[in-house]
Amino acid sequence: MRLHIADHPLINHKLTVLRDRDTPSATFRQLVDELVTLLAYEATRHVTTTEVAINTPVAPTVGKKIAEPRPIVVPVLRAGLGMLEGMTRLLPTAEVGFLGMKRDEETLLIETYANRLPEDLSGRQCFVIDPMLATGHTLIAAINYLLDLGASDVTAICLIASPEGLAEVEKAIGDRVDVSIVVAAVDEKLNEKAYIVPGLGDAGDRLYGSVD
C-alpha cells in the first residue's frame with residue numbers, strides 16, 4: 001500500500017474552510033468539488049496511456065491518450081457522490097460505477113446494500129472516492145469488493161484519513177495488490193465514536209443534510 005499526502009497551499013486553505021463548522025452546505029459542496037479535482041491530479045499521475053499518431057496544424061506527431069480499457073471511478077454512496085463531479089471533470093473519459101455501503105453505528109461493521117459495477121474489472125484502473133477514511137472498514141470492504149471482480153490496481157481518494165484507519169487498511173491489504181491512497185491530510189486520531197479528530201464532522205450530512 002502506498003500513501004500520498006497532497007501537501008499544497010491551495011489544498012490546505014480549502015481544507016481549513018471545509019473543516020469550519022460554520023461553513024454552509026453550499027460552500028462545503030463547492031470546496032469538496034474543488035479539493036477532489038486537486039487530489040485527482042495527484043491520484044491520476046500514473047494512469048495508463050497509449051501512444052497515438054496525430055496531425056497538428058503544422059506537422060505529424062505522436063502523442064498520448066488514456067488507454068483502453070478505460071479507468072473506472074467508484075464513489076461510495078452516499079458521501080462519495082459529492083466527490084464525483086470533481087473527479088470526472090479531470091478524468092472525463094472514465095466510466096462510473098457505484099458502491100452503496102454503510103457502517104453499523106453499534107458494531108462498526110460495513111454492510112453493502114447496492115452496487116452498479118461491471119462484472120469483470122480485470123485490467124481496469126479503479127479509483128474509489130470517499131471523503132473520510134476513519135476506521136478503514138469501508139475502504140477495506142470496497143477494495144475487497146473490487147478485487148473479487150478482478151481488479152488489481154486500485155487508488156482511493158479521500159479528503160481526510162485517520163492513522164488508525166490507514167493502519168487497518170495496511171494490515172488488511174498489505175502488498176498483495178497495487179493499492180494507493182491519496183489524501184489531503186492525515187489527522188490526529190479517532191474518538192470513541194469513531195469520528196476523525198479534528199476532522200470535519202459527518203461529510204455526508206454536511207454535503208446533503210442529515211437523514212434520520
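Given the structure is predicted, the values throughout are model-derived calculations rather than measurements. Basis for what follows: all heavy atoms, side chains included, without hydrogens, waters or symmetry-related copies.
- You'll find the side chain of Met1 reaches within 4.5 Å of the side chain of Val169, heavy atoms only.
- Between Arg45 and Glu42 there is a salt bridge, with a side-chain nitrogen of the basic residue lying less than 4.0 Å from a carboxylate oxygen of the acidic one.
- Under the 3.5 Å distance criterion, the side-chain polar atoms of Tyr145 are left unmatched by any main-chain donor or acceptor of Ile140.
- The environment of Arg116 atom CZ is sparse: at most 12 non-hydrogen atoms of other residues, nucleotides or ligands sit within 6.0 angstrom.
- Taking the side chain as every heavy atom from C-beta outward, Thr135 and Glu164 never approach each other to under 4.5 Å.
- At a cut-off of 3.5 Å, with distance as the only test, a side-chain donor of Arg89 or Thr37 sits close to an acceptor on the other residue.
- Salt-bridge check for Glu51 with Lys65: failed, with every basic side-chain N at 4.0 Å or more from each acidic carboxylate O.
- Between Arg19 and Asp187, at least one side-chain nitrogen of the basic residue sits less than 4.0 Å from a carboxylate oxygen of the acidic one, meeting the salt-bridge criterion.
- Rounding to the nearest 0.5 angstrom, the gap separating the CG atom in Leu91 from the CE atom in Met87 is 5.5 Å.
- Between the side chains of Thr48 and Gln125, at least one donor N or O sits under 3.5 Å from an acceptor N or O.
- Salt-bridge annotation for Asp205 and Arg78: present, with a side-chain N of the basic residue lying under 4.0 Å from a carboxylate O of the acidic one.
- Here the CG-CG distance, from Leu207 to Leu31, works out to 10.5 Å after rounding to the nearest 0.5 Å.
- Residues Leu77 and Tyr113 are in side-chain contact: their nearest non-hydrogen atoms beyond the backbone lie under 4.5 Å apart.
- Scored by the side-chain hydrogen bond (donor to acceptor under 3.5 Å, both in side chains) test, Ser180 finds Arg2 as partners (sequence neighbours excluded).
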For a side-chain contact (heavy atoms from CB on, under 4.5 Å) check, start with the C-alpha distance between Val128 and Ile157, then their side-chain angles and the critical distance, and finish with the verdict. CA-CA 6 Å; Val128 179; Ile157 304 172; over 6 Å; no

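- Linking Ile, Leu, Val, Met, Phe, Trp and Tyr whenever their side-chain heavy atoms come within less than 4.5 Å leaves Tyr41 and Leu10 in two separate clusters.
- The two residues Gly80 and Asp130 have their closest heavy-atom pair at N-OD1, 4.3 Å.
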Step by step, work out the side-chain contact (heavy atoms from CB on, under 4.5 Å) result for Ile160 and Val183. CA-CA 6 Å; Ile160 300 174; Val183 300; over 6 Å; no

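- Judged by distance alone, with hydrogens and angles left aside, the side-chain atoms of Asp33 form a donor-acceptor pair with the main-chain N or O of Gly86 at under 3.5 Å.
- Between the side chain of Arg206 and the main chain of Ser25, no donor-acceptor pair closer than 3.5 Å is present.
- Closest non-hydrogen pair, Ala6 versus Leu39, comes out as CB-CD2, 3.6 Å.
- Considering CG of Leu18 and OG1 of Thr23, their distance stands at 7.0 Å, rounded to 0.5 Å.
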Full working for side-chain contact (heavy atoms from CB on, under 4.5 Å) between Tyr195 and Asp202: CA-CA 8 Å; Tyr195 276 83; Asp202 187 300; 3.8 Å; yes

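- With a 4.5 Å cut-off on side-chain heavy atoms, Val96 and Thr88 count as touching.
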Verdict with reasoning, His13 to Val17, per side-chain contact (heavy atoms from CB on, under 4.5 Å): CA-CA 7 Å; His13 169 80; Val17 181; 4.2 Å; yes

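- Minimum interatomic distance between Arg124 and Pro118 (heavy atoms only, all atoms of both residues): NH1-CG, 4.3 Å.
- For the pair Val47 and Pro71, the tightest heavy-atom approach, listed with the atom from each and the gap, is CG2-CG, 3.9 Å.
- In this structure, CG on Leu133 lies 11.0 Å from CG on Leu159, to the nearest 0.5 angstrom.
- Residues Leu90 and Leu35 do not share a hydrophobic cluster, defined by chaining ILVMFWY side chains whose heavy atoms lie under 4.5 Å apart.
- Note that NZ of Lys14 and OG1 of Thr27 are 11.5 Å apart. Values are rounded to the nearest 0.5 Å.
- You'll find the side chain of Arg70 stays beyond 4.5 Å of the side chain of Ile66, heavy atoms only.
- Taking the side chain as every heavy atom from C-beta outward, Asp120 and Leu149 never approach each other to under 4.5 Å.
- Going from atom CD of Glu95 over to atom CZ of Phe127 covers 13.5 Å, rounded to the nearest 0.5 Å.
- Shown here for Ser162 and Ala134, the closest heavy-atom pair between the two residues is OG-O, 2.6 Å.
- Side-chain contact between Cys158 and Val182: absent, with no pair of heavy atoms (C-beta onward) separated by less than 4.5 Å.
- Nearest approach of Leu15 to Ala184, heavy atoms of both residues: CD2-CB, 4.1 Å.
- Between Leu84 and Val73 there is a side-chain heavy-atom pair separated by less than 4.5 Å.
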